[in-house]
Amino acid sequence: MVTYSLKQSPDGSWCVCRLGFSLFSDLRLGSAIKLAREVARDEHLRSGRSVCVEMPGTDTSIRLAQYARPAAVLEQAA
């Protein structure tokens, strides 16, 4: 599964990351969430891979979006 994550900068802005690399930075939280979901959905549609968007929570990560093929499609492919 491909994971896009949101990370907060020391100045309070947010960035969208993948594999530890910042793809977009200096965003407000709402804009970062929206952009991460758009990028994740686009990657899922192009590649067919499962993709999710997460942001840090107090104890664990909070999943904001997940794009995956329906179970019926996965069973037919097997």
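Just so you know, these numbers use all the heavy atoms, side chains as well, and skip hydrogens, waters and symmetry mates.
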(message) For a 4.5 angstrom cut-off between non-hydrogen side-chain atoms, does Met1 reach Gln66?
(response) yes
(message) If I compare all heavy atoms of Pro56 with all of Ile62, which pair ends up nearest, and what's the gap?
(response) O-CD1, 4.3 Å
(request) Hey, could you give me the OG1/CD distance between Thr60 and Glu54, rounded to the nearest 0.5 Å? (result) 9.0 Å
(message) Could you report the tightest heavy-atom contact between Ser22 and Cys15, atom names first, then the distance?
(response) OG-CB, 3.7 Å
(request) Please report the closest heavy-atom contact between Met55 and Trp14, naming both atoms and the distance. (result) CE-CH2, 3.7 Å
(message) Contact between Arg18 and Val2 at the side-chain level, heavy atoms closer than 4.5 Å - yes or no?
(response) yes
(request) Establish, from distance only, whether the side-chain atoms of Tyr4 and Glu43 form a donor-acceptor pair under 3.5 Å. (result) yes
(message) Are the side chains of Val16 and Val53 in contact, using a 4.5 Å heavy-atom criterion?
(response) no
(request) First locate atom CG of Asp11, then atom OG of Ser25, and finally report the distance between them rounded to the nearest 0.5 Å. (result) 9.5 Å
(message) Restricting to non-hydrogen atoms, name the atom on His44 and the atom on Arg49 that form the minimum distance, rounded to 0.1 Å.
(response) ND1-O, 2.7 Å
(request) Write down the atom of Ala32, the atom of Leu27, and the distance for their closest heavy-atom approach. (result) CA-CD1, 3.9 Å
(request) In sequence, state the C-alpha distance, the side-chain angles, and the governing distance for Leu6 and Leu64, and then conclude on side-chain contact (heavy atoms from CB on, under 4.5 Å). (result) CA-CA 10 Å; Leu6 301 178; Leu64 300 174; 3.6 Å; yes
(request) Consider only side-chain heavy atoms of I, L, V, M, F, W and Y, link residues closer than 4.5 Å, and tell whether Leu23 and Tyr67 are in one cluster. (result) no
